[in-house]
Amino acid sequence: MRLSLIFEAAFNLFLEIPPMKPAKRNPSSLVSKKNLSIAFALLAIGFLAQCKKAEEDDNMPAIIALLAANGATTLTTACTTNVDGTVDSTLSKFTKASFPICKPASGIIKHYRIEGLKVSLSHLALSIYAGFPANYTAAPSNNSSGTSTLATGQFSFDFYSGSGSTSPVPGFSYATFGSSVKNLTSNGNTTTATPAGTSLIDFFSSAIDVCFDLTTSTPPRFTVWVTGQNGAVCKTKTNLTLGTAVVTESSWGSSTSALATQNSYFGISSNSGVTFTKIVTSSDSVLP
């Protein structure tokens with residue numbers, strides 16, 4: 001109840017109490033005493049409420065500061081669960097950082113789909129990470145030469161747009177598991193593509209859909225599809241087969257462990273130039 005209403009009710013009760021004079025007790029005097037008790041009770045409540053309000057007013061700057069501190073957090077990933085059990089990861093604003101990828105209810109991700117991926121400026125990258133610790137905030141120092149600081153059981157899938165104006169490095173894509181690096185682009189880069197002929201360079205010239213399986217086997221099997229290549233359509237799983245994949249890889253050299261954890265992240269290397277519509281995850285892999 002508002003303080004003004006409390007005091008108003010107390011005042012009205014006082015008005016109803018007749019002047020005190022010697023008289024025999026009667027029901028009306030009992031009512032008057034009752035009203036007097038209620039009036040004093042309301043005044044006491046109002047007084048205590050006023051004291052509490054004054055105390056809150058004194059603490060208001062600290063409360064506002066606390067709320068501001070809690071609200072001044074970094075951008076987070078928005079998660080949306082779909083009818084089929086897949087989960088969407090989206091951002092309200094693209095910025096340079098690493099963000100968690102939303103997990104299905106099972107907590108296990110075996111299939112990823114990046115919709116509308118475009119890396120439109122030079123020397124930029126989008127990276128998908130898996131097998132990382134919880135609450136991970138800083139991207140590892142993977143770079144365009146394939147150098148990696150990934151630990152055992154950690155995975156990354158990188159889309160790099162190339163750099164330079166006089167002697168540009170072509171855009172290319174590569175996957176890393178532990179200490180093993182697989183270049184997935186055959187475009188004249190100094191790193192030989194594996195397997196030969198794979199081409200994942202269109203991601204920076206126009207928006208595309210890329211999807212991939214990353215199984216929980218030891219070591220994980222990595223299979224990639226790109227909408228429009230080999231007849232694949234990432235949003236239609238029925239045509240995602242081994243024959244329509246642009247690459248499948250389960251040999252990682254000395255890296256023979258499974259994924260270390262089921263925590264996945266995506267990293268954006270710049271505040272502009274890297275965009276996608278959403279990242280969709282599923283607990284079901286396309287291939288058995």
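Heavy atoms only: backbone and side chains are in, while hydrogens, waters and symmetry mates are out.
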Please tell me whether Tyr174 and Phe157 form a close aromatic pair, meaning their ring centres lie under 6.0 Å apart.
no
Taking the six-membered ring where the residue is Trp, are the ring centres of Phe266 and Phe276 under 6.0 Å apart?
yes
Is there a path from [X] to [Y] through hydrophobic residues (I, L, V, M, F, W, Y) whose side chains come within less than 4.5 Å of each other?
X	Y	value
Ile128	Leu91	yes
Phe99	Val280	no
Phe94	Ile208	yes

Is the backbone N or O of [Y] less than 3.5 Å from a side-chain atom of [X], with the two atoms forming a donor-acceptor pair by type?
X	Y	answer
Asp213	Phe222	no
Trp225	Asn239	no
Gln154	Ala151	yes
Asn82	Asp84	no
Thr261	Phe132	yes
Ser127	Asp158	no
Ser269	Ala125	yes

[X] [atom1] to [Y] [atom2] distance, which is reported to the nearest 0.5 Å:
X	Y	atom1	atom2	value
Thr216	Ile109	OG1	CD1	12.0 Å
Leu124	Lys96	CG	NZ	10.0 Å
Arg113	Lys237	CZ	NZ	7.5 Å
Thr86	Ile279	OG1	CD1	13.5 Å
Leu126	Phe159	CG	CZ	6.5 Å

Evaluate Cys211 against Val224 for side-chain contact (heavy atoms from CB on, under 4.5 Å), listing each step before the verdict.
CA-CA 6 Å; Cys211 52; Val224 185; over 6 Å; no
For residues [X] and [Y], report the shortest heavy-atom separation together with the two atoms involved.
X	Y	answer
Pro220	Trp252	O-NE1, 3.0 Å
Cys102	Val87	CB-CG1, 3.2 Å
Phe177	Pro219	CE2-CB, 4.2 Å
Thr223	Ala245	CG2-CB, 3.7 Å
Leu240	Val286	O-CG1, 3.1 Å
Thr227	Cys234	OG1-N, 2.9 Å

Relative to each other, are the rings of Phe155 and Phe212 parallel, tilted or perpendicular (30° and 60° limits)?
tilted
Please tell me whether Thr236 and Thr238 have a donor and an acceptor in their side chains that are separated by less than 3.5 angstrom.
no
May I ask you to check whether Ser255 and Ser180 show a side-chain donor-acceptor distance below 3.5 Å?
no
Kindly indicate, with the supporting measurements, whether the criterion side-chain contact (heavy atoms from CB on, under 4.5 Å) is fulfilled by Thr256 and Thr218.
CA-CA 6 Å; Thr256 57; Thr218 307; 5.6 Å; no
Between [Y] and [X], is there a side-chain heavy-atom distance shorter than 4.5 Å?
X	Y	answer
Asn263	Lys103	yes
Thr215	Lys110	no
Pro100	Ser264	no
Asp209	Ile114	no

Give me each pair satisfying side-chain hydrogen bond (donor to acceptor under 3.5 Å, both in side chains) with a member in residues 271-288, each pair once, sequence neighbours excluded.
Asp88-Lys278, Thr95-Asn271
Decide side-chain contact (heavy atoms from CB on, under 4.5 Å) for Lys182 and Thr176; before the verdict, give the C-alpha distance in whole Å, the side-chain angles of both, and the deciding distance to 0.1 Å.
CA-CA 6 Å; Lys182 302 288 185 179; Thr176 308; over 6 Å; no
Let me see the working for Leu287 and Arg221 under side-chain contact (heavy atoms from CB on, under 4.5 Å), right down to the final yes or no.
CA-CA 10 Å; Leu287 300 181; Arg221 187 190 70 235; 3.2 Å; yes
